[in-house]
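Accompanying notes for the structure given below.
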Amino acid sequence: FVTRGMSGVQESFADKCGDGSHVKHLMPFGQSSGFGKGEDIYAGGDDEARDEVFGLVGDIYVTVGGDGEVSQIAKAAEARGAKVVPLMRTGGASDGEFGFPKAALSKPSYATEDLWSRLANKDAPVEDSAEAAVDVVIRAMETPQEAAKRLRSSMGNETTVVCIVSEAKDGAADSEALVKAIAPQLDAQMGSRSAFVTRGMSGVQESFADKCGDGSHVKHLMPFGQSSGFGKGGDIYAGGDNEARDEVFGLVGDIYVTVE
C-alpha cells in the first residue's frame with residue numbers, strides 16, 4: 001500500500017494498516033514522511049516529480065476527497081489502464097470535482113450497483129462504505145483468468161467442467177426435451193468426476209439443472225450480488241455484470257454443450 005506521505009488521511013491509513021510492514025510512502029529524494037508506520041521510498045526531486053511517478057506505479061488507486069493533484073493522478077492512472085476506486089462520499093475530486101476523470105466515477109464491471117452506491121452514500125454508516133471499498137478493491141485485483149482459476153480450484157482441479165450454453169428464454173419443445181433427457185444421463189455417467197456449470201438463466205439451463213440428479217454437481221455462475229433462484233445447484237460468482245461473468249464463463253470450462 002503506497003501513500004504520498006501526507007498528513008491526515010494518508011497518515012491515518014498507515015497507522016491503522018496492521019503493523020505497517022506492507023505500507024510504503026513515496027517521497028521526493030531528501031524528504032521524510034515522519035510517519036510512525038511504513039517505510040519511505042523515493043522518486044523525484046520535488047512533489048510534482050514524485051506525483052508523476054506516483055501516477056505510474058500503482059495497479060489500483062483509492063481516492064479520498066482531494067483537489068486538482070488527486071484528479072491529475074487519477075487521470076494519469078486511468079490513461080494507462082490502472083483501476084481507480086473513488087470514495088465518492090468524501091467529496092472533492094473523488095466526487096467529480098477539479099476535473100476528476102468522469103469514467104472513473106462510473107461503476108466498473110467488477111463492482112455491483114450496491115457496492116458502488118455505498119461508496120457514494122454519505123448517509124450510510126462509515127463501516128458499510130469501508131466494507132464496500134475493500135470488496136471493490138479485492139474484486140479489482142482479480143482478472144478473468146484469475147477468476148477462472150479460483151473457480152476451477154473451488155470445484156477441484158481434477159474435475160471436468162461441463163458448461164451448458166443457451167440464451168435466457170424458454171427453449172423450443174424439442175430443445176427442452178433433449179436437455180431433460182441429457183441431464184440425468186450426464187449426471188449418472190460423469191457426475192462423480194464432473195461439475196456442470198450454467199449461467200443461471202431461465203429456460204434450457206434451469207431445465208438442465210432440474211433434471212441433473214439431486215443438483216449436487218451443478219453450479220450456476222452469476223455476477224457478484226445476483227442469484228439464480230434455481231431450486232437445484234449452487235451459485236458461484238465472478239464479475240460485476242453479465243458481460244464480465246460471461247468472459248469468465250468462456251475460460252472456466254473443459255467442454256461446452258450449446259443449445260439453440
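Along the sequence shown, the residues carry numbers beginning at 1. Since this is a predicted model, take the numbers as computed values, not measurements.
Interatomic distance, Thr143 OG1 to Lys149 NZ, rounded to the nearest 0.5 Å: 9.5 Å. Taking CG of Asp187 as the start and SG of Cys212 as the end, the distance is 4.0 Å to the nearest 0.5 Å. Atom CZ of Phe35 sits about 8.5 Å away from atom OG of Ser12, to the nearest 0.5 Å. In this structure, Met88 CE and Lys122 NZ are separated by 9.5 Å, a value rounded to the nearest 0.5 Å. Here the OG1 atom belonging to Thr159 is positioned 9.0 Å from the NE2 atom belonging to His217, to the nearest 0.5 angstrom. Between the CD atom in Glu39 and the CE atom in Met27 there is a gap of 13.0 Å [rounded to 0.5 Å].
When all heavy atoms of Gly240 and Pro223 are compared, the pair lying nearest together is C-CB, 3.9 Å. Across all non-hydrogen atoms, the minimal contact from Ala238 to Ala147 is CB-CB, 4.2 Å. The minimum heavy-atom distance between Ser71 and Glu97, with the atom names listed, is OG-O, 3.3 Å.
No side-chain donor from either of Thr112 and Asp114 sits under 3.5 Å from a side-chain acceptor of the other. Between the side chains of Asp254 and Thr160, no donor N or O sits under 3.5 Å from an acceptor N or O.
Counting only heavy atoms from C-beta outward, the side chains of His25 and Gln10 never approach each other to under 4.5 Å. Pro86 has its side chain within reach of Leu105: a pair of non-hydrogen atoms, C-beta onward, lies under 4.5 Å apart. Inter-residue side-chain proximity for Glu146 and Arg150 is flagged as unmet; no heavy-atom pair is nearer than 4.5 Å. A 4.5 Å side-chain heavy-atom check between Phe100 and Thr63 finds at least one atom pair inside the cut-off. The side-chain heavy atoms of Val85 and Arg139, taken from C-beta on, include no pair separated by under 4.5 Å.
Within the 3.5 Å criterion, the main-chain N or O of Ala140 finds a donor-acceptor partner in the side chain of Lys83. Using modelled atom types, no side-chain atom of Trp116 and backbone atom of Ala132 make a donor-acceptor pair closer than 3.5 Å. The backbone N or O of Leu119 sits nowhere less than 3.5 Å from a side-chain atom of Ser129 that would complete a donor-acceptor pair. Remark: the backbone N or O of Ser32 is not paired with any side-chain donor or acceptor of Asp40 at under 3.5 angstrom. Within the 3.5 Å criterion, the main-chain N or O of Asp246 finds no donor-acceptor partner in the side chain of Arg199. Between the side chain of Lys232 and the main chain of Asp210, a donor-acceptor pair closer than 3.5 Å is present. Arg89 contributes no side-chain N or O that, together with a main-chain N or O of Asp95, makes up a donor-acceptor pair within less than 3.5 Å. Within the 3.5 Å criterion, the main-chain N or O of Ser117 finds no donor-acceptor partner in the side chain of Lys107.
Clustering of Ile, Leu, Val, Met, Phe, Trp and Tyr by side-chain heavy atoms under 4.5 Å joins Val161 with Leu151, Met155, Val165, Val197, Leu221, Ile236, Val248, Phe249, Val252, Tyr256.
Counted within 6.0 Å of CE on Met141, heavy atoms from surrounding residues, nucleotides or ligands total 12 or fewer; the atom is thus considered open.
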